[in-house]
Amino acid sequence: MQGKISPIFRLFTQQFEDAKSAFLSLSKRYRGKKSGELEQKLIFLEIYVDFLSRIHFKEENLKFQLFSPFKKIFKGLKKTKHLKMIMKQVEAVKMKDNVVFNSYTKALEAEKNKVYAEVYDLIVSTPLQIWDELYDSVYHYSKGLKPLMINTSSTQIISEELEFFNLDNKTKLDTKALKDIYEGIRVIIALENLRIESGFNSIFVKEVHDRMSELQKDLLVWYENQLFLQHLTGFLTDKENISKKYIDLLASLQQNKKTNTAKVEAKCRDLFERILE
C-alpha cells in the first residue's frame, strides 16, 4: 500500500524505540525493573500490530507473523513480573505480621534465579534483526491508512473488549474473566490514545476513563493476590506437616480473593452501566 505514513505511527515509533533500548540494556545485564519496562512496551507493540491486522485483514496471520519473534521473550518477562509481585507480597506480610517464611522465600529465590538466567539467555541469543524487521513491516502496513480504517479498526477491537464488561446480574466472574477484563482495559486505553493521536475524539468521556483507571488499579490488587495464592498453593501441594503460619497465610489470601472479587465485580457492572447510558 502506497501513501503517506499515518500520524499514529509516531506513537508506535516512540514505544518501539523505548522497547529496543530496554532490550539492549537487558542484553548486558538482566534486571527486574528494566524487564518490566520492556514488557510494558511490548504490550503496546502487540496491541498496535493487532490493530493493523484488523485493517489488513486479507493478509492471514499478520499479527502472528509480525509479533511471533517476540513471544518467548514476552512470556519470560511476564514470569519475571509475576515472581516480583509474589516476592513483594511475601515481604509485605513479613513486615506487617512479623512472620518469616524461610522455606518459601528460599524456593522463590531459586525460581527467580532460574527464570532470570533463562530469559537473559533468550535475550542474548535473539538476533537484533527481529527489531529491524518489525519496524520495517509496521512502517509498511502503516502507510496510507485512511481515517475510516483507523476508526473502524479501533472501534471494532474496543467493542470486542467491552463484551467482557457486559454482565447480567446472575453472572459470576471467574479468574479467567477477571484477567480478560484487566487486559481488556489496557487494550481500550491504548487504542483510545491511538485515536487521539490520529485526530479522532476518544470514544469514552473522561469520567468513564477515570472509572476504568480506578477499576484497573483494583484489578491489579486482585491479580497480585491471585498470583500469590496460586503460587503458594502449588508450593504447599506436596508438603507434609504444613506449619500453621502457612495455613493462616492461605486462609488470609483466600479471604482477600473473595473480598477483591466482590469489589471488582461490582465496579465492572457499574462501569458497563455508565458506558451504556
Side-chain angles (χ1 to χ4, degrees), residues 11 15 36-51 54 74 77-89 92-93 96 151 153-197 200-231 252-277:
L11 200 54
Q15 300 288 324
E37 293 177 15
L38 177 56
E39 191 219 11
Q40 288 300 310
K41 300 304 177 182
L42 286 179
I43 286 171
F44 177 86
L45 300 189
E46 185 176 28
I47 292 171
Y48 188 93
V49 167
D50 184 33
F51 164 78
R54 304 301 182 100
F74 187 62
L77 296 171
K78 196 171 185 179
K79 282 184 180 179
T80 301
K81 178 180 71 176
H82 288 174
L83 282 170
K84 284 186 62 184
M85 286 178 170
I86 294 167
M87 295 177 81
K88 181 180 178 181
Q89 290 178 91
V93 173
K96 177 177 177 291
N151 182 52
S153 178
S154 59
T155 302
Q156 178 189 7
I157 299 174
I158 289 173
S159 296
E160 290 174 4
E161 297 298 337
L162 285 176
E163 291 178 8
F164 294 117
F165 297 86
N166 190 7
L167 312 168
D168 59 52
N169 292 327
K170 296 180 180 179
T171 302
K172 298 300 292 183
L173 295 178
D174 59 15
T175 299
K176 182 181 183 305
L178 288 173
K179 285 176 67 177
D180 286 340
I181 291 172
Y182 176 70
E183 293 172 359
I185 291 176
R186 190 166 59 195
V187 171
I188 290 171
I189 292 173
L191 289 172
E192 286 279 62
N193 289 334
L194 280 180
R195 291 177 60 84
I196 293 170
E197 187 73 15
F200 287 100
N201 292 326
S202 61
I203 292 177
F204 304 112
V205 298
K206 183 178 182 300
E207 181 194 344
V208 170
H209 276 280
D210 289 343
R211 290 196 186 194
M212 281 188 186
S213 179
E214 184 180 340
L215 174 58
Q216 192 175 36
K217 292 176 183 177
D218 290 333
L219 280 167
L220 178 58
V221 173
W222 170 88
Y223 188 49
E224 290 176 338
N225 184 82
Q226 177 66 20
L227 285 172
F228 193 4
L229 176 59
Q230 287 179 333
H231 194 276
S252 175
L253 295 176
Q254 288 165 345
Q255 182 56 51
N256 288 344
K257 179 178 180 179
K258 291 180 181 178
T259 302
N260 293 336
T261 299
K263 183 177 183 180
V264 296
E265 185 173 318
K267 286 195 173 183
C268 284
R269 297 186 194 283
D270 290 344
L271 176 60
F272 193 76
E273 288 175 3
R274 176 65 182 87
I275 289 171
L276 290 180
E277 288 178 359

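Side chains included, hydrogens not; waters and symmetry mates left out as well; all remaining heavy atoms used.
- Atom CD1 of residue Ile203 and atom CD1 of residue Ile158 lie 3.5 Å apart, to the nearest 0.5 angstrom.
- Checked by atom type and distance alone, the side chain of Ser213 never pairs as donor or acceptor with a backbone atom of His209 at under 3.5 Å.
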Assess whether side chain to side chain donor-acceptor pair (under 3.5 Å) is satisfied between Arg195 and Ser202, documenting all intermediate values.
-> CA-CA 6 Å; Arg195 291 177 60 84; Ser202 61; over 6 Å; no
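- Looking only at side-chain heavy atoms (C-beta outward), Leu227 and Glu224 stay at 4.5 Å or farther from each other.
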How far apart are the C-alpha atoms of Glu207 and Arg274, what are their side-chain angles, what is the distance that settles it, and do they pass the salt bridge (Lys or Arg N to Asp or Glu O under 4.0 Å) test?
-> CA-CA 9 Å; Glu207 181 194 344; Arg274 176 65 182 87; 3.0 Å; yes
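- A donor-acceptor pair is defined here as one N or O able to donate and one able to accept, closer than 3.5 Å; no such pair exists between the side chain of Gln216 and the backbone of Tyr182.
- Side-chain contact check for Thr175 versus Lys257: some heavy-atom pair is nearer than 4.5 Å.
- Taken from CD1 in Ile181 to CD in Glu163, the straight-line distance is 12.0 Å, to the nearest 0.5 Å.
- Residues His82 and Phe228 place their aromatic rings such that the two centres sit no closer than 6.0 Å.
- Nearest heavy atoms, Ile157 versus Phe51: CD1-CA, 3.8 Å.
- Counting heavy atoms from C-beta outward, Glu46 and Asp50 have side chains that stay 4.5 Å or more apart.
- Within 6.0 Å of CG in Asn201 there are 12 or fewer heavy atoms belonging to other residues, nucleotides or ligands.
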May I have the step-by-step check of side chain to side chain contact (heavy atoms under 4.5 Å, CB included) for Asp210 and Lys206, ending in yes or no?
-> CA-CA 6 Å; Asp210 289 343; Lys206 183 178 182 300; 2.8 Å; yes
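- The CD atom of Glu183 sits 10.5 Å away from atom CG of Leu219, with the distance rounded to the nearest 0.5 Å.
- Residues Asn225 and Leu253 come closest through the heavy atom pair ND2-O, 3.0 Å.
- Lys78 and Glu39 are not joined by a salt bridge, as no carboxylate oxygen comes within less than 4.0 angstrom of a charged side-chain nitrogen.
- Electrostatic pairing of Lys41 and Glu37 does not count as a salt bridge here, judged by no charged N lying under 4.0 Å from a carboxylate O.
- Between the side chain of Ser154 and the main chain of Leu191, no donor-acceptor pair closer than 3.5 Å is present.
- In this structure, CD1 on Ile185 lies 12.0 Å from NZ on Lys217, to the nearest 0.5 angstrom.
- Annotation: side chain of Phe74 is not in contact with side chain of Leu45 (no heavy-atom distance under 4.5 Å).
- At most 12 heavy atoms of other shown residues, nucleotides or ligands fall within 6.0 angstrom of atom NZ in Lys179.
- Looking at heavy atoms from C-beta onward, Asp180 lies in side-chain contact with Lys176 at the 4.5 angstrom threshold.
- The shortest non-hydrogen separation linking Leu162 to Ile275 is CD2-CD1, 3.7 Å.
- Under a 3.5 Å cut-off, the side chain of Glu192 and the backbone N or O of Phe204 do form a donor-acceptor pair.
- Side chain of Gln156 to backbone of Arg54: no donor-acceptor contact under 3.5 angstrom is found.
- Between the CG atom in Asp270 and the CD atom in Glu265 there is a gap of 11.0 Å [rounded to 0.5 Å].
- Counting heavy-atom neighbours within 6.0 Å of Lys267 NZ, excluding the residue itself, gives a total above 12.
- When side chains are defined from C-beta on, His231 counts as touching Leu83, because their heavy atoms get closer than 4.5 Å.
- The structure places CD of Gln254 at 10.5 Å from CD of Gln226, a figure rounded to the nearest 0.5 Å.
- Side-chain contact check for Asp218 versus Asn260: every heavy-atom pair is 4.5 Å or farther apart.
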